[in-house]
Amino acid sequence: MTGRREDPARGGAAAGTPDIVGTWLHSHEEDTGSTAVYRPAEHPFQPSRRVRDGLEFRPDGTFAELRPGPDDRPRETLGRWRDHGSGRVRVSFPEGRGDPFELVVLSCEDGVLTVAR
């Protein structure tokens, strides 16, 4: 999950955004005032009273936003993600499923995905 991703939409050239493909859970205890931190789903998180939300970036461009459902188990809201280069990732959902948003990836190294808040 480190390094740069080849983006076929850009003719195979590196898009300038770190490789974020994978499932990431919010490590809210590591957040700062200006950043949100995510760790791979298999990370040995400390117990938390807060349910962890998550982001899943699939290689085919599918995106899943993971939010706690009524019983606190994660529920997926499926959409699409696209690398816009320079750390900008655009996420969109089918009509009525969620509002589109943009993430600014600050880094993705050593099992830590850091995005701007």
TODO: Check whether any side-chain heavy atom of Val37 sits under 4.5 Å from a side-chain heavy atom of Leu113, and report yes or no.
DONE: no
Open item on the list: What I'd like to find out is whether the side chain of Phe93 reaches to under 4.5 Å of the side chain of Asp99, using heavy atoms alone.
Closed with: no
Open item on the list: Just verifying a value: how many Å separate Tyr38 OH and Ser27 OG, rounded to the nearest 0.5 Å?
Closed with: 10.5 Å
Open item on the list: For Thr35, is there any backbone N or O sitting under 3.5 Å from a side-chain donor or acceptor partner on Arg117?
Closed with: yes
Open item on the list: Is there a side-chain contact (heavy atoms from CB on, under 4.5 Å) between Ile20 and Val105? Walk through the geometry before answering.
Closed with: CA-CA 9 Å; Ile20 59 173; Val105 177; 4.2 Å; yes
Task: Spacing of CG belonging to Asp60 relative to CZ belonging to Arg80, to within rounding of 0.5 Å - done: 5.5 Å
Open item on the list: So does Ser34 get a backbone contact from the side chain of Thr32, meaning a donor-acceptor N/O pair under 3.5 Å?
Closed with: yes
TODO: Can you sort out the partners of Arg50 under salt bridge (Lys or Arg N to Asp or Glu O under 4.0 Å), two or more places apart, ordered by chain and number?
DONE: none
Open item on the list: To the nearest 0.5 Å, what is the distance between NE2 on His28 and OG on Ser48?
Closed with: 3.0 Å
Open item on the list: Quick check for you: to the nearest 0.5 Å, what is the distance between Leu25 atom CG and Arg52 atom CZ?
Closed with: 7.5 Å
TODO: Give a yes or no on this: more than 12 heavy atoms of other residues, nucleotides or ligands lie within 6.0 Å of atom CZ of Arg58.
DONE: yes
TODO: Give a yes or no on whether Arg73 atom CZ has more than 12 heavy-atom contacts from other residues, nucleotides or ligands under 6.0 Å away.
DONE: no
TODO: Start with the C-alpha distance between Asp31 and His26, add both sets of side-chain angles, then the distance that settles side chain to side chain donor-acceptor pair (under 3.5 Å), and finish with yes or no.
DONE: CA-CA 9 Å; Asp31 287 355; His26 192 183; 2.7 Å; yes
TODO: Grab the two heavy atoms, one from Arg88 and one from Thr17, that are nearest each other, plus how far apart they are.
DONE: N-OG1, 3.9 Å
TODO: Start with the C-alpha distance between Val91 and Glu102, add both sets of side-chain angles, then the distance that settles side-chain contact (heavy atoms from CB on, under 4.5 Å), and finish with yes or no.
DONE: CA-CA 6 Å; Val91 175; Glu102 186 172 279; over 6 Å; no
TODO: Under 4.5 Å between side-chain heavy atoms, chaining through other members, with only Ile, Leu, Val, Met, Phe, Trp and Tyr counted: pull out the rest of the cluster around Leu78, sorted by chain and number.
DONE: none
Open item on the list: Could you measure the distance from the CG atom of Leu106 to the OG1 atom of Thr114? Nearest 0.5 Å is fine.
Closed with: 6.5 Å
Task: Gap separating the CH2 atom of Trp24 from the SG atom of Cys108, nearest 0.5 angstrom - done: 3.5 Å
Open item on the list: Contact between Thr23 and Phe57 at the side-chain level, heavy atoms closer than 4.5 Å - yes or no?
Closed with: no
Task: Residues Glu65, Arg67; criterion salt bridge (charged side-chain N to carboxylate O under 4.0 Å, His left out); working and verdict - done: CA-CA 6 Å; Glu65 184 174 38; Arg67 295 279 180 192; 3.2 Å; yes
- [ ] For the residue pair Trp81 and Arg90, establish whether any side-chain heavy-atom pair is separated by less than 4.5 Å.
- [x] no
Task: Side-chain heavy-atom pair Leu55, Leu103 within 4.5 angstrom cut-off - done: yes
